[in-house]
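To keep things clear, I will list the structure first and then write my remarks on it.
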Amino acid sequence: MMQQLRRNTKWIMILAVLAFGGLMFFEWGMDITGQTSGSQGEIGRVNGTPVMYDDYQGTYRRLYDQAALSQEEPVTGAQNSRLEDQAWDEVVNGILIQQELDRRRIVVTDEEILNAARFSPPPEMMGDPAFQTDGQFDLTKYQQFISVAGRDWLVRLEAYYRNIIPRAKLLRQVGSGIHVSENDLWNTYRAANEKASVRYVTFDPLRRISDDEIEITADEIRDYYDENRESFFDPASAEVIVVSISKAPTAADTAAVYARAEALRQEIADGGDFAAVARRESSDSSTVPEGGDLGVFPSGGMVHTFDSAVFASRLNRVTSPVRTSFGVHLIEVTRRWGRDSAQARHILLPLERTDDSEIELFTLADSLEELGESIALPEAAAMLGLEADTIEFLESFPLAPGAGDVTEGGEWAFEPQTSPGEVSPVFENRTAFYTMELIAVDSSRYLTQEEAEPAIRSSISTVRKVEVAMAEARTLAEEVRSGRPLDEVAREMGLDEVREAGPFTRNDNVPGLGRYNAAIGTAFGLEVGEVSDAVRANQNAFVIERTASEAADSMAWRDQIGSQRLQLGGALREQRFFQWIAALREIAEIVDRREEVLNPPEEDQIRLPPVF
């Protein structure tokens with residue numbers, strides 16, 4: 001449930017995830033064979049192999065949970081659609097990989113599994129402090145651990161290797177023949193380590209040259225409009241009155257969660273078993289089976305508030321309620337190694353509405369819908385103590401303040417049969433209930449030349465100003481090359497003082513110069529003391545003088561060339577794999593029936609008898 005807190009749970013849970021998770025530097029996707037059955041059955045096929053609903057739904061659920069935990073805001077409707085497509089792609093890729101494994105007859109032997117289990121632990125285990133000595137992974141500790149591990153844990157470990165090893169063999173086959181030359185390795189190392197320092201003059205044409213100095217003819221405007229018409233496409237927009245009801249817990253709901261946490265804390269203080277209370281009450285499903293045990297984790301391994309509480313609390317005492325973005329926690333630290341690491345368990349109570357508060361929320365939403373059917377929406381909102389806002393949103397970007405993602409409402413507003421003055425049903429998303437009254441819809445269209453003229457003038461003017469600045473820069477460069485000081489010529493031309501930058505590498509983002517552009521490239525192409533010609537970058541013009549150079553250390557490069565070759569080779573193999581899987585998809589017969597199966601026409605849906 002919680003990514004940070006799950007990271008250090010018991011290894012049997014981690015292996016269950018790893019067995020169907022990533023491989024090396026990229027994610028292979030789930031090991032789907034299409035042979036299981038799901039509640040919705042088959043939702044597509046890949047070269048004749050069924051894509052089962054449960055496989056797809058499991059992958060989607062994992063991606064959704066990852067997205068929800070990685071951001072503060074709720075997952076939007078548009079984001080959810082992307083996650084659905086990503087889940088489909090992962091399942092399809094998994095089937096294609098399995099088909100390729102079968103075609104190439106790639107298998108794993110018991111001996112390979114045994115050797116891997118002994119000498120190649122999963123990466124997450126190598127990073128666990130429990131298997132380290134002086135900050136380094138200790139193979140002996142790991143081997144001692146697996147020698148006494150229970151049967152369930154070993155079964156999970158075997159499943160992990162039986163899933164990963166064949167795919168590693170496939171990766172090696174797909175990536176065979178990749179060679180990284182020493183020249184490529186040196187150039188990559190040098191880009192990250194060679195440094196330059198410069199003095200430079202910037203001409204800042206958009207500020208220094210006024211619009212009045214740039215003459216633009218009617219023919220130029222017409223030609224620009226004709227050549228760039230697609231850039232003047234204006235998407236459809238809707239103006240609506242929107243009323244929303246937040247689903248966020250109220251202050252009373254939050255107080256109820258804290259009160260519940262204090263009651264549980266008192267129960268434990270009175271002799272209750274922490275683990276039993278955690279199994280009964282905690283919403284962290286990943287730690288519930290272990291009585292809330294989080295295992296050993298390093299300082300900084302948890303979210304900040306949780307981490308601070310762990311390293312400030314007394315051992316074997318349940319803390320006061322600690323609030324994080326996940327909810328309210330009761331924490332008991334069982335062991336601690338200074339400020340380095342700790343072992344703790346917790347009980348998580350989510351911040352959510354109480355049952356009574358939920359009923360009030362649904363009742364309010366129902367009342368809003370009923371009133372909206374008979375009176376104007378602002379009037380209905382006022383009767384219920386709600387705010388009505390008039391907003392405008394694009395068909396391609398349906399967002400509303402307070403309601404968030406209003407994709408469903410947007411679809412309703414842009415339907416041809418929806419007329420101004422109509423009030424929508426009450427829609428629901430992850431953050432709110434909301435309804436809309438349509439005021440007007442502006443259809444998508446292309447701006448006329450007259451409407452687009454201000455933008456056209458601005459674009460042409462920018463190009464012209466930079467051209468003027470480049471001419472000035474060439475003049476300055478010629479004067480400096482004739483022997484005059486850079487500062488003196490710059491002052492005569494009314495430019496700002498000469499600026500300095502560095503030392504910086506080719507990969508750095510340099511204030512004033514930018515990143516990965518002609519100005520940075522020019523800086524590294526100059527000898528110390530050499531002055532450049534005019535340089536165009538970032539809608540600006542520069543003249544650059546290199547003042548210092550720090551060469552990349554070739555001996556240090558030699559010392560790390562082996563690990564660098566492995567890293568760069570791995571990146572190239574990853575790139576080739578994605579190209580290979582894309583090629584497989586191009587020739588595969590992929591049938592996507594998600595829309596047909598999961599969203600059937602209304603007349604095809606099973607109608608249930610009314611409940612009396």
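None of these values were measured; they are calculated from a predicted model.
Atom OG1 of T390 and atom CD1 of I241 lie 4.5 Å apart (nearest 0.5 Å). Once rounded to the nearest 0.5 Å, the distance linking CD of Q57 with OH of Y64 reads 11.5 Å. To the nearest 0.5 Å, atom CD1 of residue I347 and atom CZ of residue R280 are 8.5 Å apart. The OG atom of S320 sits 10.5 Å away from the OH atom of Y258 when rounded to the nearest 0.5 Å. Atom-to-atom distance recorded for I245:CD1 and T435:OG1 is 9.0 Å, nearest 0.5 angstrom. To the nearest 0.5 Å, atoms CZ (F326) and OG (S283) are separated by 11.0 Å.
E437 contributes a side-chain N or O that, together with a main-chain N or O of L377, makes up a donor-acceptor pair within less than 3.5 Å. Proximity of a side-chain donor or acceptor of S246 to a complementary backbone N or O of A432 within less than 3.5 Å is not detected. Without hydrogens or angle criteria, D234 side chain to S444 main chain gives no donor-acceptor distance under 3.5 Å. The backbone N or O of H304 sits less than 3.5 Å from a side-chain atom of S308, completing a donor-acceptor pair. At distances below 3.5 Å, at least one donor-acceptor pair connects side-chain atoms of T287 with backbone N or O atoms of D284. Within the 3.5 Å criterion, the main-chain N or O of R45 finds no donor-acceptor partner in the side chain of T49. Between the side chain of Y434 and the backbone N or O of V242 there is no donor-acceptor pair closer than 3.5 Å.
Between L170 and F577, every side-chain heavy-atom pair lies at or beyond the 4.5 Å cut-off. V322 is listed as a side-chain neighbour of I331, based on a closest heavy-atom distance under 4.5 Å. For the pair Y516 and N509, the minimum side-chain heavy-atom distance is 4.5 Å or more. Side-chain contact between I106 and Q173: present, with at least one pair of heavy atoms (C-beta onward) separated by less than 4.5 Å. Within the 4.5 Å cutoff, the side chain of R167 has heavy atoms near those of the I97 side chain. In this structure, the side chains of V406 and M436 come closer than 4.5 Å at one or more pairs of heavy atoms. Taking 4.5 Å as the limit, some side-chain heavy atom of R585 sits within range of a side-chain heavy atom of V92. Considering only heavy atoms from C-beta on, F393 comes within 4.5 Å of V240 through its side chain.
Applying the salt bridge (charged side-chain N to carboxylate O under 4.0 Å, His left out) test to every pair with at least one member in residues 339-362, sequence neighbours left out, gives these pairs: E332-R345. For residues 393-402, no pair satisfies salt bridge (charged side-chain N to carboxylate O under 4.0 Å, His left out), with sequence neighbours left out. Listed by first and then second residue, the salt bridge (charged side-chain N to carboxylate O under 4.0 Å, His left out) pairs involving residues 241-262 are K247-E428, R260-E281, E262-R265 (not counting sequence neighbours).
For the pair F427 and G409, the tightest heavy-atom approach, listed with the atom from each and the gap, is CE1-CA, 3.6 Å. Shown here for A116 and I165, the closest heavy-atom pair between the two residues is CB-CD1, 4.0 Å. Between Y160 and P122, the shortest heavy-atom contact is CE2-CG, 3.6 Å. Closest approach of S282 to V288, counting heavy atoms only: O-CG2, 3.4 Å. Minimum interatomic distance between D307 and G300 (heavy atoms only, all atoms of both residues): OD1-N, 2.9 Å. Contact record, L83 with A67: CD1-CB, 4.0 Å, taken as the closest heavy-atom pair.
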- prompt: N47 and Q99: side chain to side chain donor-acceptor pair (under 3.5 Å), yes or no, with the steps?
  reply: CA-CA 9 Å; N47 293 327; Q99 290 174 346; 3.1 Å; yes
message: For a side chain to side chain donor-acceptor pair (under 3.5 Å) check, start with the C-alpha distance between Q343 and R336, then their side-chain angles and the critical distance, and finish with the verdict.
response: CA-CA 6 Å; Q343 182 171 4; R336 189 165 51 224; over 6 Å; no
message: Walk me through whether E112 and R162 qualify under salt bridge (Lys or Arg N to Asp or Glu O under 4.0 Å).
response: CA-CA 9 Å; E112 288 173 321; R162 211 169 277 284; over 6 Å; no
task: Any chance you could lay out the side chain to side chain contact (heavy atoms under 4.5 Å, CB included) test for L394 and L399, step after step, and finish with the verdict?
output: CA-CA 8 Å; L394 299 178; L399 291 177; over 6 Å; no
task: Dump the intermediate steps for side chain to side chain contact (heavy atoms under 4.5 Å, CB included) on R62 and E90, then the final yes or no.
output: CA-CA 11 Å; R62 171 173 55 81; E90 282 199 21; 2.7 Å; yes
- request: Evaluate the side chain to side chain contact (heavy atoms under 4.5 Å, CB included) criterion for residues S341 and F297: first the C-alpha distance (whole Å), next the side-chain angles of each, then the deciding distance (0.1 Å), finally the verdict.
  value: CA-CA 6 Å; S341 59; F297 51 89; over 6 Å; no
query: Does the pair N507 and R515 meet the rule for a side chain to side chain donor-acceptor pair (under 3.5 Å), with working shown?
result: CA-CA 7 Å; N507 296 337; R515 187 180 191 187; over 6 Å; no
task: Apply side chain to side chain contact (heavy atoms under 4.5 Å, CB included) to the pair D592 and I43, showing each step before the final yes or no.
output: CA-CA 7 Å; D592 183 354; I43 61 170; over 6 Å; no
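Residues R61 and D54 are not paired through a salt bridge, judged by the lack of any N-O separation under 4.0 Å between the basic side chain and the carboxylate.
For the 3.5 Å distance criterion, the side chains of S237 and E392 qualify, holding a donor opposite an acceptor. One side chain, T431 or N429, offers a donor N or O that lies under 3.5 Å from an acceptor on the other.
Relative orientation of the F306 and H329 rings is perpendicular, given thresholds of 30° and 60° on the angle between their planes. Ring geometry for Y56 versus W88: interplanar angle over 60°, hence perpendicular rather than tilted (30 to 60°).
Exactly one of L364, L361, D366 qualifies for a side-chain contact (heavy atoms from CB on, under 4.5 Å) with F433. That residue is L361.
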